[in-house]
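Because the structure is predicted, anything quoted here is derived from the model rather than measured. Counting convention: from 1, in listed order, for ligands and their atoms alike.
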Amino acid sequence: MEKSLRLAWFLVLTTAMAVAPCWSYYSDTKPYAPPPKKVTHLHFFLHDIMSGKNPSAVVVARPNTTTAQNDSFGTVTATDDLLTVGPDVTSEVIGNGQGLWVSTDRDIPGLTLYMDFGFTKGEFNGSSISVFSRNPIAETERELAVVGGRGKFRMAQGYAQLKTYFLNIRNGDAIIEYNVTVIH
Ligand SMILES: *[C@@H]1O[C@H](CO)[C@@H](O)[C@H](O)[C@H]1NC(C)=O
Ligand SMILES: *[C@@H]1O[C@H](CO)[C@@H](O)[C@H](O)[C@H]1NC(C)=O
Ligand SMILES: *[C@@H]1O[C@H](CO)[C@@H](O)[C@H](O)[C@H]1NC(C)=O
Ligand SMILES: *[C@@H]1O[C@H](CO)[C@@H](O)[C@H](O)[C@H]1NC(C)=O
């Protein structure tokens, strides 16, 4: 008797659930238990090539108020820059830097970088780090903020230390050395 009553209740409940599913757009809120953190250092060179038939960085917009060649304030450049292990572009390609850089300094050459550095080789193939930072390119050594990541770099935080390895001021081609400390 008790068994069949339980079965009846079960049927009532499951049927009710099927008829009126109880949708919710949020889960219960629970304390966050972070997994242990690891640190990884990355070292590579970024090739930002604006010249030639196959540039990796192209201007997509600029304000119509800037006329002087040397005044790039407001210019937006989209990139798909190669990342290589050495400064030579023929050295092993380990990924690419896709995103935008915007000339955001009115007084001196300076950028804000919005870029995803994705890796295509080794342990971090398929993973990427997100950089969103001011980039004061007039300074020889500079630091950028790593604000996130994907794959093995999920929830990453960190910083990138940069040095301009090569710059052609006439056409804007540049090779930048990156040392990145990623905590993930
Ligand atoms: C820039 O664009 C605005 C809006 O179209 C126009 O009024 C202005 O004359 C343009 N300025 C220049 C320098 O072309
Ligand atoms: C650009 O060049 C002009 C003329 O050479 C100079 O007066 C101006 O200050 C320069 N602007 C910048 C942003 O360097
Ligand atoms: C990187 O991952 C992609 C997609 O999983 C795979 O096709 C490719 O062969 C991998 N490359 C290397 C060098 O492991
Ligand atoms: C990156 O680290 C290496 C090894 O410590 C060092 O030789 C190089 O100067 C550093 N480069 C930058 C851009 O910080």
Could you list all the ring pair (Phe, Tyr, Trp, His ring centres under 6.0 Å) pairs where at least one residue sits in residues 126-150, not counting sequence neighbours?
Tyr114-Phe132
Quick check: does Lys163 get an N/O under 3.5 Å from an N/O on ligand 4?
yes
Pairs of nitrogen or oxygen atoms closer than 3.5 Å, one from Asn179 and one from ligand 4: do any exist?
yes
Gln157 atom CD: more than 12 heavy-atom contacts under 6.0 Å
no
Flag yes if more than 12 heavy atoms outside Ile169 fall under 6.0 Å of its CD1 atom; otherwise flag no.
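Open.
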Just how far is it from atom CD1 of Ile129 to atom CZ of Phe119, taken to the nearest 0.5 Å?
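Atom-to-atom, Ile129:CD1 and Phe119:CZ are 4.5 Å apart.
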If I take atom CG from residue Leu113 and atom OG1 from residue Thr79, how far apart are they, to the nearest 0.5 angstrom?
7.5 Å
Determine the interplanar angle of the Phe44 and Phe117 rings, folded into 0 to 90°, and report it as parallel if under 30°, tilted if 30 to 60°, perpendicular if over 60°.
tilted
Side chains of Ser56 and His47: donor-acceptor distance under 3.5 Å anywhere?
no
Taking any residue with a non-hydrogen atom under 4.0 angstrom from an atom of ligand 3, which ones do you get?
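Thr120, Lys121, Asn125.
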